[in-house]
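Order of the sequence lines fixes the chain letters, A, B, ..., with proteins taken first and strands second; residue numbering starts at 1 for each chain.
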Amino acid sequence: MIDAALLRQCVHCGLCLDACPTYLQLGTEMDSPRGRIHLVGAVSEGSLPLSADVVRHLDLCLGCRACETACPSGVEYGRILEAGRAAVETQWRRPLGDRLRRRLLIELFPHPRRLRAVAGLVRLLQALGLWRIVTALIPSARLMPEVQPTSALRSTAADGVAVMRVALLEGCVSGVLQGGVNSAAQRVLNRCGAAVDIPADQTCCGALHLHAGDLEGARRLARTNVDAFSSGAVPDAVVVTAAGCGAAMREYGALLRDDPRYAERAAALAARVRDATEVADELLDRCPPLGARAQRVTYHDACHLAHAQGVRQPPRRLLAALPGLELIELAESDLCCGSAGSYNLTEPDMAAALGRRKVDNIIATGVDSVAVANPGCALQIAAELRRRGSAVRVAHPLELLDEAMRGGEGT
Amino acid sequence: MGGNLYANPADCNCAPPCRAVIGERRLRPVSSPRVSPELIDELRAIVGAAAVVADEASTRVYECDGFTLARSAPDVVVLPGSRDEMVAVVRKVAASGLCFVPRGAGTGLSGGCLPLDAPVMIGTSRMRAIRSVDFENRRVVAEAGVVNLHVTRAAAAHGLFYAPDPSSQSACTIGGNVAENSGGPHTLKYGVTTNHVLGLELVLPDGEVVELGGEVDDVPGYDLRGLAIGAEGTFGIVTAATLRLVRTPQAVRTLLGMFRDVDDACRAVSAIIAAGILPAALELMDRMIVEAVEAAYGFGFPPDAGAVLIVELDGLEVGLGEQVDAVRAICQTARASEVRVARDEAERAALWKSRKRAFGAVGRLAPNYCTQDGVVPRGSVPEILRRIAAAAERYRLRIANVFHAGDGNIHPIMLFDERDADEVSRVLAAGKEILEACVELGGSVTGEHGIGVEKIEQMPLLFSPVDLRVMSELRLVFDAQRRCNPGKIFPTPGACVETVKVGMPRRQVPL
Ligand SMILES: Cc1cc2nc3c(=O)[nH]c(=O)nc-3n(C[C@H](O)[C@H](O)[C@H](O)COP(=O)(O)OP(=O)(O)OC[C@H]3O[C@@H](n4cnc5c(N)ncnc54)[C@H](O)[C@@H]3O)c2cc1C
Ligand code: SF4
Ligand code: SF4
């Protein structure tokens with residue numbers, strides 16, 4: 001069921017153990033990368049039956065891919081996990097409640113319109129002060145931020161001569177819950193000389209489907225996006241503000257490899273995907289004068305940026321370039337915060353434990369703000385900060401850059 | 001003989017009674033009963049349900065360490081979170097008469113934590129606290145499950161570090177390091193684990209706690225601390241260690257010498273030592289490794305280098321330049337085609353990354369590989385390399401070399417494909433022959449990876465029957481019933497280790 005060559009890449013050295021959040025929390029080998037690979041391998045060779053225990057340990061994986069960064073042998077853990085999860089989805093029958101919860105996520109999150117409707121409802125409840133009742137019933141609902149009304153974006157031209165033409169992915173969760181980030185990114189890019197297109201027929205990137213083992217669902221969305229982003233003039237870059245989406249889109253080539261109609265265009269699109277912080281960092285020399293503002297900021301490495309896309313320095317460089325900003329390194333900065341896509345909805349206990357660990361580290365730095373380049377992480381960290389009554393603000397690096405461009409007026 | 005490794009389990013004729021004679025005594029295996037459900041409940045009551053692993057899937061992942069040719073899953077794995085829990089667990093296991101095996105991070109390369117006739121595995125992965133740090137006296141007390149690198153991290157801000165640096169340091173534990181007396185590339189100057197452990201807290205197999213060594217260097221009486229280090233978990237379970245910290249050197253220079261062949265590089269090694277220079281590290285990579293590393297990490301080694309020598313010098317800024325010049329001159333005399341000094345910390349880091357992750361790169365050359373860890377006197381390095389090359393030819397194998405040249409600790413990496421049974425047996429045979437050659441040249445069968453189950457067979461090569469008898473009697477002082485990590489180090493009778501070939505394809509890691 002799983003390409004044996006992928007598994008054979010693992011030499012069982014264990015160098016990935018200390019990078020794995022679930023292993024750090026639990027200390028159990030079957031909740032480590034090496035252990036999970038071992039389980040998938042044993043099941044796939046037929047020496048271990050697929051069981052609730054095996055499924056449990058695969059479910060508990062955050063998919064953060066810190067293990068890939070740590071692995072000297074180049075094991076593609078993300079692909080092993082996806083294959084393992086796909087096998088679980090086709091060969092394993094989950095208990096009913098579990099099935100419903102998982103279906104609900106897939107039916108809700110990747111659909112901006114449905115999500116907007118729910119967000120509207122949440123906004124209403126929040127305004128009426130009734131939201132507390134919901135959080136009491138569904139603990140993970142406490143993650144929900146104050147939802148701001150957002151409007152869909154429109155294409156904009158560069159200020160002055162365009163040096164670059166980019167297309168922006170709106171994203172579903174990010175587009176609806178964190179619309180401000182996309183607008184900030186668009187303003188920043190425009191001012192630094194990039195024209196920003198918002199392709200009309202774009203859709204969810206498919207990351208949630210991919211993580212849930214629904215490969216067909218992911219392919220369907222990927223095809224729609226390949227069409228949307230490669231109709232018309234080819235952009236210099238496809239810019240993404242949500243690390244999880246960027247990571248998923250970079251996989252399009254592999255995902256549609258066996259689809260003769262799409263393979264080539266998918267690979268071409270994947271090769272153009274860039275995180276917004278990368279592009280902004282590249283254009284930084286061209287940006288207008290920045291206003292100074294004294295602030296202490298730390299940076300959290302989103303897994304899907306640092307581990308999945310290897311982007312670590314650009315956001316740091318960009319922050320360090322802001323006048324008056326003191327960048328303080330965060331302990332365990334690239335350890336998962338527990339958000340991991342829909343993880344905090346499916347595995348609330350582990351998610352909460354990792355959220356606490358992350359926020360302990362953030363508070364220890366004594367900063368005013370923590371910069372986070374992924375909406376899932378931002379929600380998770382903000383919710384935990386709120387719970388502690390902390391005043392530390394959560395912002396996307398491009399929001400901080402946008403503020404500096406506006407002369408440091410602040411929020 | 002027990003604990004033997006056969007490419008084909010059918011080759012073993014030791015069953016039913018598998019007996020070996022050590023000295024004049026016959027040792028019998030302790031045949032351990034299985035774990036009862038009641039015991040599992042009692043263990044849960046001590047450490048909590050989440051810290052007891054007993055289902056089929058979960059125990060399976062504990063069936064091997066970094067040495068994957070031998071496998072055997074424990075019935076139950078217990079993960080105590082503190083010394084007191086450890087004591088209670090060990091007592092409980094002792095009361096039920098079961099054998100147990102300690103496990104750290106499972107990065108061992110000799111099957112040290114393979115459960116042989118030991119149904120209970122006791123892991124230290126939840127004992128990760130650094131109990132105290134005393135910067136003034138440069139000491140730190142770390143629990144056994146603390147990862148090696150974390151000790152250095154805790155001390156770095158104070159300009160101190162923990163010197164033993166196995167290439168696995170980002171994952172292996174202090175307990176495992178103590179059990180294996182681990183070294184690393186910087187062992188040449190700084191020594192191995194035993195030179196940096198002042199004291200140990202050890203839980204004996206009956207649950208008694210003993211403190212070995214102490215806070216200071218010189219403790220009167222027998223050096224029990226020294227005995228327990230390198231005992232490979234046969235004396236009991238270490239729960240904490242008092243470690244010595246070393247001042248971070250003021251300055252470091254890393255040189256790279258490119259040579260036409262390993263002979264020239266070896267000549268440079270001997271000349272550097274003869275000149276009275278003590279490098280912090282002296283590492284050699286042969287052509288096959290250099291090519292693989294270059295393909296993987298693109299460090300910038302010349303494509304035609306037959307051997308690359310890494311020389312790291314550290315100490316006070318004053319005088320370091322002279323040493324650099326001296327090493328450069330020596331390399332040139334030994335016909336180095338080029339000598340480079342790492343420009344900055346980034347280049348130095350990239351170089352060490354290439355070196356420490358060399359085996360990952362080797363994975364690109366073949367589906368599997370297996371390494372040996374022999375030691376020869378430094379002067380015999382060229383000779384052992386010649387013998388390795390001869391063995392490679394005779395057994396029709398590809399063997400690459402990357403090793404600690406300064407200590408004569410070789411790591412021949414034998415490439416193979418485990419689906420080819422004939423090749424597997426040729427690998428086992430060649431490995432055995434290489435180790436025998438090491439002993440013949442006045443060296444040893446293991447530098448730093450331990451005996452475990454992998455090298456049991458070679459023990460009688462190194463030690464006389466009397467030596468072995470003294471050692472196994474000594475063990476009885478700590479573990480009278482041989483209940484802690486049975487079947488290891490000494491060729492004792494016991495079940496044969498199954499060498500899994502049908503199992504999941506895995507490659508073995510060299511250092
Ligand atoms: C990539 C790689 C590189 C390596 N490089 C080096 C190197 O440069 N130098 C080197 O010396 N080794 C090296 N090793 C081997 C290995 O990492 C070391 O032997 C290490 O010390 C093992 O530590 P561990 O925590 O993983 O122990 P384990 O593998 O879990 O156990 C090793 C042995 O120690 C015993 N043990 C573990 N914990 C305890 C305890 N608390 N009390 C008593 N006994 C215990 C076990 O029973 C077993 O016999 C390397 C391994 C790998 C995979
Ligand atoms: S993806 Fe993250 S949680 Fe999953 S095994 Fe790798 S490091 Fe652990
Ligand atoms: S995934 Fe990589 S680091 Fe982890 S055990 Fe396998 S080879 Fe080693």
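Across every non-hydrogen atom of B/Ala171 and A/Leu15, the tightest pair is CB-CA, 3.9 Å. Shown here for A/Gly27 and B/Arg126, the closest heavy-atom pair between the two residues is CA-CG, 4.4 Å.
Rounding to the nearest 0.5 Å gives a distance of 9.0 Å between CG of A/Leu17 and OG of B/Ser170. The distance from atom OG of B/Ser168 to atom CG of A/Asp18, rounded to the nearest 0.5 Å, is 12.0 Å. Between the CZ atom in A/Arg56 and the CG atom in B/Asp55 there is a gap of 12.0 Å [rounded to 0.5 Å]. A distance of 10.0 Å separates CG of B/Asp65 from CD of A/Glu29, quoted to the nearest 0.5 Å. Atom OG of B/Ser125 and atom CG of A/Leu26 lie 9.5 Å apart (nearest 0.5 Å). Rounded to the nearest 0.5 Å, atoms SG (B/Cys64) and NE2 (A/His38) are 5.0 Å apart.
For A/Ala19, no part lies near chain B; criterion is any non-hydrogen pair under 4.5 Å. Neither the backbone nor the side chain of A/Cys16 comes within less than 4.5 Å of any heavy atom in chain B. When heavy atoms are compared at a cutoff of 4.5 Å, B/Arg60 approaches chain A by way of both its backbone and its side chain. Both the backbone and the side chain of B/Ala105 come within contact range of chain A, judged by heavy atoms closer than 4.5 Å. Heavy-atom distances place both the backbone and the side chain of A/Thr28 under 4.5 Å from chain B.
Counting heavy atoms from C-beta outward, B/Lys356 and A/Pro72 have side chains that stay 4.5 Å or more apart.
Judged by distance alone, the side chain of A/His12 and the main-chain N or O of B/Phe67 form no donor-acceptor pair under 3.5 Å.
Ranked by non-hydrogen atom pairs under 4.5 Å with chain A, the options B/Gly106, B/Gly81, B/Ala51 are led by B/Gly106.
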